[in-house]
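Just so it is clear, the values below take in all heavy atoms, side chains as well, and ignore hydrogens, waters and symmetry mates. Letters A, B, ... are given to chains in the order of the sequence lines, protein chains preceding strands, and every chain is numbered from 1.
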Amino acid sequence: MEVRTRFAPSPTGFMHLGGLRTALYNYLFTKKMGGKFILRIEDTDQERFVEGATDVIYDTLKGCGINWDEGPDVGGNYGPYVQSERKNLYLPYAQQLVEKGAAYYCFCTKEELDERRAACEAKGEVFKYDKHCLNLSKEEVQQKLDAGIPYVIRMNCPTEGESAYDDLVFGHIAFPNDTLDDMILIKADGMPTYNFANVIDDHLMGITHVMRGMEYLSSTPKYNLLYNAFGWEIPQYIHLTTVMRDSQHKLSKRDGDAYYSDFIQKGYLKEALINYLALVGWNPGTDQEFFTMDELIEAFDVSRLNKSPGIFDMEKLTWMNAKYISELPFDTYLEMATPWLDKVLAGKGIDYRRLAELMQGRTEVFNRIPDMVSFLAELPDYSIDLHTHKKMKTDPVIAKENLELVLPILKGIDNWSEQNIHDIVMAAIAESGKKNGAVLWPLRIALSGLESTPGGAFEIAYLLGKDESIRRVEKGLEKLG
RNA sequence: GCCUCCAUUGUCUAGCGGUCUAGGACGCCGCCCUCUCAAGGCGGAAACAUGGGUUCGAGUCCCAUUGGGGGUGCCA
């Protein structure tokens, strides 16, 4: 039988990393099994409609290389793939359940329920709908319906025994039936709840494997009751652990660390993000850590999915991102780095190509570039303490002496190429009998005003140009009295 | 509160009864390389939550405790 899976996000306008990972795993699993991956938009909550939100979903998924075989934009034989476009389809199924006694009309108002819920909570009890409306006679129900009284349809859960199922990740899971609440299937506005639409759609779309976040672990028994009431086959369940920010918090909107777009804006590469995300909660069983999408598909195995929640480690992501950046074709790097260089160096006439060569191996995240290169635009105000360096065998006194040595040499260089600067200065150092470090450290400090820089003294001198380099060395000498 | 799931270094994890004096990676520390930093190379510190069982033998199986997650919406 062909594997059919689905990713069913609700369009909120953002793609949460946890959701992205769910989509990824669905995709990897499906492709590995040679099945079909379906994208379905779950927009049954009219109050939360966000303009353009579906585009965010499309763009993110496509950008990451997660492609669907059926969906709102590409079609398929099981459409429509947007729940709001299927809204007329759910009520008859609910009515069918009412006829079978597996569901019933409920006329309790939201306000009444809220009150009862609050009262329950005040007493420290669990609120559970008391099946009040289940006791209504057929005639009473019809009367209310005829009178146009608003209603919802609730499922009629058993109150004894237990419901169990086998999850491909968590194994056997059992719930006592008396804890099951008679959840609402059809809302007062006629729309199905997520819970109901989900079951109907998964069945109608021929979904064989439901892979989703584990927040649904405890409502799954109720879904199964629904499948059974219809006489439908229950799909395989694969529940996924939550991606956490720390041991007790999920990745959240508030901390700006939850959305795909946050990371892209900061300058994380989508390949790195996908690669890293795949490893939070899953591992290949080998020491391999870097994967292309095809390699992930090849290596993916549901049995290697983890059962405990994983903390999203920004440090490791950043490390991985740096690796990905360093492996970028140089021209791609240059193109991607340019806007970031422009933030502080636009119009300064700096050789971006050379600078990019120096920067590529040191770029962890693109948004860190401006801070690393801004010294080229303007010499930072630095302390002469920077000239003290034990290992380079230099201090402010030696620095002054060596800067005085190197200044006229610099002035005498006609062809200001990096190679030329290097050769001429090195020759002068050799001739003076001084240590390389004792000259080059002060030079680099004078040129950059920074303890660490991308590139050494020669690279910086070249990038700065002759005039600016000389100006900075002179200024350095001034500082040293 | 009730239901349920989970539990190996700071983090991601390997481990599916003996091969574990617990392996890999990030991070951290040290050394080397080197005109700085980074990269790279080498090395180091760092974990089986606790208590009971089962077994000749437990990180691995069972139970309890503790800790954490999730659910408990006319949200998805």
Polar atom pairs between nucleotides 38-41 of chain B and protein, under 3.5 Å, N or O only, would you list them?
residue	atom	partner	partner atom	Å
B:G40	OP1	A:Lys323	NZ	3.1

Sequence neighbours excluded, the answer for salt bridge (Lys or Arg N to Asp or Glu O under 4.0 Å) partners of A:Glu404 is A:Lys400

Each nucleotide of nucleotides 62-69 of chain B classed B (base within 4.0 Å of a protein heavy atom), S (only sugar-phosphate) or -, in 5' to 3' order, makes ------SB

* Asked: A:Thr193 side chain: which of B:C35, B:A76, B:A14 is closest?
  ->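 Selected nucleotide: B:A76.
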
Looking only at B:C75, B:C5, B:C35, the nucleotide nearest the A:Lys110 side chain is B:C75

Margin query: For a side chain to side chain donor-acceptor pair (under 3.5 Å) check, start with the C-alpha distance between A:Tyr104 and A:Asp182, then their side-chain angles and the critical distance, and finish with the verdict.
Written below: CA-CA 10 Å; A:Tyr104 57 94; A:Asp182 284 358; 2.6 Å; yes

Taking only distance into account, with no hydrogens and no angle test, what donor-acceptor pairs under 3.5 Å do side-chain atoms of residues 386-394 of chain A form with protein atoms, sequence neighbours excluded?
residue	atom	partner	partner atom	Å
A:His389	ND1	A:Lys391	N	3.3
A:His389	ND1	A:Met392	N	3.1

Using nucleotides 43-51 of chain B, report all nitrogen or oxygen pairs with the protein that are shorter than 3.5 Å.
none

In short, salt bridge (Lys or Arg N to Asp or Glu O under 4.0 Å) pairs touching residues 428-457 of chain A with sequence neighbours left out are A:Glu401-A:Lys434

Residue pairs passing the salt bridge (Lys or Arg N to Asp or Glu O under 4.0 Å) test with at least one member in residues 153-179 of chain A, sequence neighbours excluded, are none

Using heavy atoms and a sub-4.0 Å distance, could you list which residues of [range] are near RNA chain B? By number, please.
range                       : value
residues 156-165 of chain A : none
residues 370-385 of chain A : none
residues 416-435 of chain A : none

Quiz item: Between A:Glu289 and A:Lys316, is there a salt bridge with N-O shorter than 4.0 Å?
Solution: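 Result for this pair is yes, salt bridge flagged.
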
Task: Under the side chain to side chain contact (heavy atoms under 4.5 Å, CB included) test, residues paired with A:Ala94 that sit two or more places apart - done: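 Listed in chain order: A:Ile153, A:Ile186, A:Phe196.
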
TODO: Output every pair passing side chain to side chain donor-acceptor pair (under 3.5 Å) with a member in residues 278-288 of chain A, not counting sequence neighbours, ordered by first then second residue.
DONE: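 Applying side chain to side chain donor-acceptor pair (under 3.5 Å) to every pair that reaches into residues 278-288 of chain A, excluding sequence neighbours, yields A:Asn283-A:Arg304.
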
